[in-house]
Visitor: 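Would you mind keeping the following structure in view while I ask a few things?
Because only heavy atoms are used, hydrogens play no part in the values below, and waters and symmetry mates are left out as well, while side chains stay in. Residue numbers start from 1 in every chain, and the chains themselves are labelled A, B, ... in the order their sequence lines are given, proteins ahead of strands.
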Amino acid sequence: MNVVKASQIIIAASSIALSSAIFTLTIGAYQTSQAELSKLLDDINNNVLIVQRDWTVSSQVTPDFEREIKEYAEQLDGFDELALSAGGGRSTNKFSYYSILVTPNFFTVRNYPLHKGRIFASGAKEAVVGYDHRDLLGKRISVRGFNVHVVGVLKPLSRRGGPDRLVDGTVFLPYDIRGLTTPVEVFLKFNDKRTMEIAYGEIKNWLHKMNYPYTVGVLAELYGLKIRKNLRRTLGGALLGMSLIATIVMLINLYSSSFTLAIHRIREWGIRRALGASGRKIKFEAGLQNLRLLIIGHMGGAVLAVILNPVFEYFTDFKVTPTLFAWTVSGLLILTISFFSISPVLSWVGQQPPYLAIRGLATHIPRARNFMALIILITGIAALNVQLILKNSIEKHTEFMLGNLANDVAIYSSFLYLKQQSLTDPRGAAPLNYSDFLALLNSALADHLDAVSYVDNYYIFSTKSFKSDIQFFLRAYEAKYPELSGARIVLGRWPAQGRFETIVGSQLAQRMFGDNTSAIGKKLKIFGRTWTISGVFQGASRPTPGTAASDQVLILREDLKRTLPNGRGEIIVRKKPNVPDKIFEEIANFLTARHNSSDYRPVNALRRRDLAPELQDVISRLADSYSLLSLLILVLATLGIFTQTIINLRFKIRELSIRRAVGATNTQIWLETLIPATFLATMFAPLGALLGVAISAVVIKAYQITWNIPWVQVALSLTISPLIISCAITIAFKIFANKSIVEQMRTE
Amino acid sequence: MVLAELKNVYKVYRKGKIEIPVLKGINFKINKGEYISITGPSGAGKSTLLHILGLIDKPSQGDVFFFGKNAGEMYDHELSRLRGFNIGFVFQAFNLIPDLKAWQNVALPLHYQGVPKRKQKERALEVLERVGLVDRANHYPAELSGGEEQRVAIARALIINPLLVLADEPTGNLDSLNSEIILQLLEDLVTQQSTLIIVTHDPNIASRARKTVRLIDGQLKDA
Ligand SMILES: Nc1ncnc2c1ncn2[C@@H]1O[C@H](COP(=O)(O)OP(=O)(O)OP(=O)(O)O)[C@@H](O)[C@H]1O
Ligand SMILES: [Mg+2]
């Protein structure tokens, strides 16, 4: 029966290896981020205060602000210097760099070292660029209507993260290049940290007293907090969760296997004790056996950590380095934790009286082992459910964000969007317009399309309809838009042509009128005309290209009877069934050709998945790593259950053959074993599901995604544990059933 | 009437390349109501022969007939039924189940016959009474002496009122008084038309049987 013994060792060792690997990665990740943090703290000035424009307050900034804060700061203890920045950003439909205006000392205050060249002089028509723009050094470029000479390139800095995230793609211009400017950020450098801390309170009071719409903070905290937050989120969410679950599995598998291995040797130990070995000596021997197992497992853990590292980094986008230190610490942790599963076994071993042990008997064999197998199963089911629920919730959340946008729809937008928006590429988005739409309709490409629509977007800064100004996005659409937009009518109907009707998003309706019902029939003044609200729709939860969002207003483009110069067009198409996705690309090429200019990026088809950046984000990565983990755990749990069952039967084999000898049929014995075990597994399965729901609830709450339980799948997951248990028992029976009774009776 | 019959039965144990021939062509007819003792030197194959007769082991060659039917051609569950309803086996090594109390061990064959639990206990206590262990009914095997375990094993064989009792050294661990009680119990069965086969080293016990055979060199010889 050495196969069973070997499989037992393998299960325990691989559980230990998994735990050890995850521990190593957790510690490695913590170490890496700590190292990054301390390097960062060396790199950034930790004696700088940042005074930031508070956009939530709408009060005006007087031109005096700059002078006043300078005067105020100068009389503060330990004040060193002051730097200013203003107006970060770029425009979408033209060739434009992401730029920001800064004073020359900004670079020293922020500790942005130069890679090449020099810093610009105050007021000069010069620029300093981030590292990704290093090719521009020495050239003349046009930024915000200024023709500037690039005189310096900064070292790569975006890696610092936080407020330096965008530096490598930014063009820095002199703060006073366009005359008078109000600062968005003021940086106040002090001689040391202590004086900065004192100044913090004073500036806070001063800003409050003067009623300036600015807040003050410590610059270094913007980095630290960001990283720590990131660390806490990713580590807290994925790694700690993983470590915890892996530890449970390890503890249980280790307990079971060390116990099994102990029973294996109980008789041998009994004889040894009869021959003079002390109980302590026997315990020591049993402990040694486990120690070997731990060492083997932990070695495997090192290998596994190296294998899992890139997988983990890919999924969580979180840098981890499995260092020797991390591995050593994780080894010590595992050793300590495993004490909890090994020590009860050792004390059991020590307590066995030799007179019983010598007959291969034990005082009583703890039944906990079977119970533990169930706990593993519960953990496995919990993990599975976490994965099911998270995946489902994220999907639902995407739908909530994007509206019911179908999968065979593509959007061509005049907005720069997401992955298209790279800071180093100054090209703008091609301004698509109504004639592009008509051209597409008349082209051969239209044959492959089921529906094509067009929508013009306007930003309405105010409508005279209400006492307070309401700002919103207006979409003037062509027919077919209702079915392509992903918007769903919740009340009323879509506008009818020629009647100057409009339909509003539910979020906006509630903001303007209190609720959906009272919105119907109300009038809105847009572009000097009065529009009647004919319906309320439910769309995406935030504005995205093409799709209608719940805080927008839709009208028929035909009723508008004109195209405004600053409208931005979007074309939405749905392909016919069975037409390959390639058609979307062909349309993109068609539109690109119509706006052929080096000022514009090629037109891109935006699909549903492109519009959900969160899907690429940490939540879905988290869900993916949970999937990976729940798979691993289920596999380990199943393996654990299988060997546990085989071992249980192996210890009962003598008993079972005695039962057969006195007349039991194989079927009777099989059922006798199967029914209670399956019953137990069925009873415990809901516990696992419940645990899974609870864990998901925590994650979902933490990330504020839409809560959605896939009931059918959760219910199906309940059948897994009885299924695994009954399979295990049946397979074990198949192994033992047809063996000779007499031979089995001799086994001990 | 023939109850069981061995025809040209061989048994060879193989351990790797080494072959240990134990039974070498046994022909043995057992009639209903017979009382047979089997003697022979240690290692001669007496237990092996009894296992084959008890349908818990299979011959390497040759046939075993029970009620005239060839056991080699029966399904596993049929063999189980035959054992459970007709054969009472007293093992040389007792073979009690350590996790079950004495009475539960005794009642085991009834459990697999499908007898209701209450009835099982009733009958088990009756039989334990007969072997003088009713006060130990709730003890586990590990809490019993070797002789007591043996009596529990005998009670387990008797509980089904078997047609065939196969007793492998049933008095091996008993003092003379208890031996006598047990032998009396077993011999009572013969008067009730059961068949009794006893394996023993003790010539006194062997001579009580109506027929005595000796297993030597893998062959059965009348003694
Ligand atoms: N599974 C086995 N594998 C190999 N040899 C076996 C096996 N079982 C029994 N034997 C051998 O077969 C021979 C007969 O064994 P058996 O137990 O039938 O003897 P026995 O006559 O009952 O002896 P005893 O009087 O000591 O109980 C012995 O030599 C034994 O070593
Ligand atoms: Mg024997």
Side-chain angles (χ1 to χ4, degrees), chain A residues 263 266-267 270 351-370 647-673 675-677 733-748, chain B residues 11 13-15 47-52 54-60 75-100 104-115 140-143 146 149 153 155-157 159-160 162 166 168:
Chain A
I263 292 178
I266 191 79
R267 189 161 178 188
Q351 278 164 14
Q352 293 311 302
Y355 75 91
L356 278 183
I358 210 161
R359 291 165 73 181
L361 297 171
T363 41
H364 81 113
I365 295 174
R367 303 229 170 235
R369 232 156 25 99
N370 302 325
I647 281 147
N648 278 340
L649 281 184
R650 186 248 172 274
F651 284 116
K652 282 176 78 182
I653 201 159
R654 194 176 130 98
E655 174 187 332
L656 296 185
S657 59
I658 294 170
R659 286 172 186 270
R660 284 176 68 198
V662 301
T665 62
N666 269 326
T667 317
Q668 279 175 322
I669 295 177
W670 174 64
L671 285 176
E672 262 179 2
T673 319
I675 290 168
F733 259 90
K734 279 275 170 278
I735 296 175
F736 293 123
N738 293 317
K739 296 250 170 83
S740 146
I741 296 176
V742 173
E743 262 170 50
Q744 289 186 356
M745 276 198 302
R746 293 203 179 166
T747 51
E748 274 176 62
Chain B
K11 183 72 181 181
Y13 287 111
R14 282 190 187 82
K15 193 85 200 165
S47 296
T48 305
L49 178 66
L50 224 52
H51 290 153
I52 290 173
L55 305 178
I56 56 174
D57 203 356
K58 292 190 166 110
S60 312
Y75 289 112
D76 187 67
H77 66 89
E78 287 179 286
L79 294 174
S80 287
R81 293 267 147 228
L82 275 179
R83 290 195 295 266
F85 283 89
N86 301 304
I87 302 173
F89 211 115
V90 183
F91 295 99
Q92 191 170 11
F94 322 141
N95 283 340
L96 299 178
I97 292 175
D99 286 349
L100 298 182
Q104 288 169 323
N105 264 295
V106 173
L108 210 54
L110 298 186
H111 172 71
Y112 290 111
Q113 285 185 0
V115 172
Y140 287 96
E143 298 162 350
E149 277 190 88
R156 185 177 65 188
I159 198 165
I160 59 170
L166 303 169
D168 199 348

Visitor: Would you please name every residue forming a salt bridge (charged side-chain N to carboxylate O under 4.0 Å, His left out) with B:K58, sequence neighbours left out?
Guide: none
Visitor: For B:S80 and A:A664, which heavy atoms make the closest approach, and how far apart are they?
Guide: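 Taking B:S80 first and A:A664 second, the nearest heavy atoms are OG-O, 2.9 Å.
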Visitor: What pairs with B:R83 under salt bridge (charged side-chain N to carboxylate O under 4.0 Å, His left out), at least two apart in sequence or on another chain?
Guide: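 Once residues adjacent in sequence are excluded, B:R83 has no partner under the salt bridge (charged side-chain N to carboxylate O under 4.0 Å, His left out) criterion.
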Visitor: Can you tell me how far apart CD1 (B:I56) and OG (A:S657) are? Round to the nearest 0.5 Å.
Guide: 8.5 Å
Visitor: Could you measure the distance from the CZ atom of A:R659 to the CG atom of B:N105? Nearest 0.5 Å is fine.
Guide: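 These two atoms lie 8.5 Å from each other.
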Visitor: In Å, rounded to the nearest 0.5 Å, how long is the span from CZ of B:R81 to CD of A:Q668?
Guide: 5.0 Å
Visitor: Check B:Y112 against A:E672 and note the closest heavy-atom contact, atom names and distance.
Guide: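 Answer, listing the atom of B:Y112 first, then A:E672: OH-OE1, 2.7 Å.
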Visitor: Where on B:L96 is there a heavy atom nearer than 4.5 Å to chain A: the side chain, the backbone, both, or neither?
Guide: backbone
Visitor: Once rounded to the nearest 0.5 Å, what's the spacing between atom CD1 of B:I97 and atom CD1 of A:I658?
Guide: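 Rounded to the nearest 0.5 Å, the CD1-CD1 separation comes to 5.0 Å.
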Visitor: Answer yes or no: is there a side-chain heavy-atom contact under 4.5 Å between B:H77 and A:T667?
Guide: no
Visitor: Side chains of A:R660 and B:D76, heavy atoms from C-beta outward: is any pair under 4.5 Å?
Guide: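 The answer is yes; the side chains approach within 4.5 Å.
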